[in-house]
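Have a look at the structure below before the remarks.
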Amino acid sequence: MCEQPKAADLLEWYDRHARAMPWRVGPADRQAGVLPDPYRVWLSEIMLQQTTVAAVKDYFLRFTARWPTVQDLAAAKDADVMGEWAGLGYYARARNLLKCARLVAQDHQGQFPRHYDDLLKLPGIGPYTAGAVSAIAFDQPSTVVDGNVERVMARVYDVHTPLPVAKPELTQLAAELTPSKRPGDYAQAVMDLGATICTPKNPACGICPWRTPCQGRANGTATELPKKTPKKPKPTRFGTVYIARRVDGAILLERRPDSGLLGGMLGWPGSDWQEGSVPDHSAPIRAEWKILPTEARHTFTHFHLRLTVKTALVPMDRAPKVGAFLTLDEFRPSDLPTVMRKAFDLASAKSGN
DNA sequence: GAACCGTGGCC
DNA sequence: TGGCCAAGGTT
């Protein structure tokens, strides 16, 4: 007969080791009945999708300083939100963030739903985020399963089924462990355990609050779990971008379509991106284009990209065929997604401005 | 189910 | 350097 992991042991560990975060109410305050602002919990959870705490912190602080409430965010301009999100990646999150804020502001009187099923209906909120917001912001007894929880469950119960096939099995195991008392703290505790102790590489099993019941540790298999099905190799695509600077300093940019890669973000006009060679295309404005000696390289989720960067200085009276000139006070380089920022930095370094 | 969708840190 | 990895959701 094996000893079962106890939620109480994990909560006791969490009370001593919970990490402070800008969107978090500490365990002491929570036990005194204080719950966090649902808007801040929701915003942080959207930002944290596939993204590390370190990368999120500054973005969260800038967003909440600029838009302190869901009503403020709902009233924001699309371009301002996309610009503030630039660099964080997965830009569909930002578009859905705005959709969701406006829906909550208009149809829910500015109040986020407290129940899992109602949260799940909102754009950008899937099973994980619905569970996290209901548990953390409203102390609902939801089961929260993210990559950390999957890893912890696979190790504690020594599950060798590869992901994503193992997902339902791991979700079931996680649900059986979820306590009715302090479910919000428990949800954060399991994720903190995965983030700090039960890490993908070199887990600190010796100081783990669940080291005794952990079957993966007992069997010596913890480090190799969870198993995952092999990923496909990434192809390399090629393309060209055009960075035109007008003599008054204005820059030629275009707003990308709302759907697809970098949807809704600013970018440089240019060719499509394809495997093998740069596809046929034409320049967005007539000019004497110079090719930079260094290409911009970037890797997305499912392909590598190598961009040829062309630059030109154009006179005031020449109209672009594609895009529009943004003046110096209309354009911040930080509004660009990273691949476009890389091309911009290469062009700036070359021309010295 | 599988494909699509970013980025920065780590080893 | 290049693959892996992170508090996933949508189509």
Side-chain angles (χ1 to χ4, degrees), chain A residues 18-19 21-24 41-60 82 85-97 99-100 119-133 135-137 142-152 162-168 171 174 184 186-196 198-203 223-224 226-237 256-265 267 273 297-305 336-342:
Chain A
R19 299 178 296 168
M21 299 177 195
W23 50 84
R24 182 176 272 186
V41 173
W42 163 75
L43 178 61
S44 69
E45 290 299 340
I46 300 296
M47 288 182 166
L48 286 164
Q49 290 169 2
Q50 300 295 100
T51 310
T52 58
V53 168
V56 162
K57 269 186 179 167
D58 288 348
Y59 282 87
F60 178 84
M82 300 311 289
W85 194 277
L88 200 52
Y90 284 125
Y91 297 99
R93 292 185 295 172
R95 300 193 302 275
N96 286 327
L97 187 82
K99 282 186 197 169
C100 185
L119 287 160
L120 194 58
K121 296 172 185 167
L122 297 172
I125 297 186
Y128 164 75
T129 306
V133 173
I136 296 170
S142 304
T143 299
V144 174
V145 183
D146 68 340
N148 285 315
V149 178
E150 289 175 351
R151 185 170 59 256
V152 170
L163 287 167
V165 174
K167 175 97 178 180
T171 298
Y186 175 79
Q188 296 176 90
V190 193
M191 293 190 284
D192 268 23
L193 186 73
T196 62
C198 196
T199 49
K201 292 174 183 174
N202 305 316
T223 306
E224 61 191 68
K227 303 278 193 186
K228 297 187 178 182
T229 54
K231 294 172 182 174
K232 286 172 42 176
K234 294 178 181 182
T236 299
R237 297 183 190 174
R256 297 174 63 84
D258 237 8
S259 63
L261 190 74
L262 307 179
M265 300 299 292
W273 304 339
R297 293 191 177 208
H298 190 72
T299 298
F300 294 97
T301 311
H302 52 293
F303 66 92
H304 303 290
L305 179 64
L336 295 172
T338 298
V339 62
M340 303 299 174
R341 180 65 184 273
K342 284 181 180 177

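In what follows, chains are A, B, ... by sequence order, proteins preceding strands, each numbered from 1. Since the model is a prediction, treat every value here as computed from it, not as a measurement.
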Going by side-chain contact (heavy atoms from CB on, under 4.5 Å), name the residues that satisfy it together with [X], two or more places apart in sequence or in a different chain.
X      : value
A:P257 : none
A:P22  : A:K57, A:F60, A:L61
A:K228 : A:L163, A:P226

### Message
Roughly how many Å apart are B:dA3 and C:dC4, using the P atom of each and rounding to a whole number?
### Response
16 Å
### B:dC5 versus C:dG2 - spacing of their P atoms, nearest Å
23 Å
Classify the nucleic acid contact of [X] as base, sugar-phosphate or nothing, counting any heavy atom under 4.0 Å across all strands shown.
X      : answer
A:R19  : base
A:K228 : sugar-phosphate
A:M340 : nothing
A:V53  : base
A:R297 : nothing

Close N/O contacts between protein and nucleotides 1-3 of chain B (under 3.5 Å):
none

### Task
Check whether any side-chain heavy atom of A:R24 lies under 4.5 Å from a side-chain heavy atom of A:Q188, and answer yes or no.
yes
Rounding to a whole Å, what distance do you find between [X]:[atom1] and [N]:[atom2]?
X      : N      : atom1 : atom2 : answer
A:Y128 : C:dT10 : OH    : C1'   : 18 Å
A:L119 : C:dG8  : CG    : P     : 17 Å
A:R151 : C:dG8  : CZ    : P     : 10 Å
A:I46  : C:dA6  : CD1   : C1'   : 16 Å

Run the side chain to side chain donor-acceptor pair (under 3.5 Å) test against [X] and tell me which residues pass, sequence neighbours left out.
X      : answer
A:K167 : A:E150
A:Y128 : A:E45
A:R93  : A:T51

### Sidechain-backbone polar pair: A:R297 side chain, A:L305 backbone, donor-acceptor under 3.5 Å
no
### Task
Using the closest heavy atom to pick a nucleotide of DNA chain C for each, name whichever of A:K99 or A:L48 lands nearer the 5' end.
A:L48
### Message
Please compare A:L120 and A:S44 by the position of their nearest nucleotide in DNA chain C and report the one closer to 5'.
### Response
A:S44
#### Entry: Pairs involving residues 119-130 of chain A, ordered by first then second residue, that meet salt bridge (charged side-chain N to carboxylate O under 4.0 Å, His left out) (sequence neighbours left out)
A:D118-A:K121
### Query
Reading nucleotides 5-11 of chain B from the 5' end, what letters show protein touch, with B for base, S for backbone sugar-phosphate only, - for no heavy atom under 4.0 Å?
BBBS---
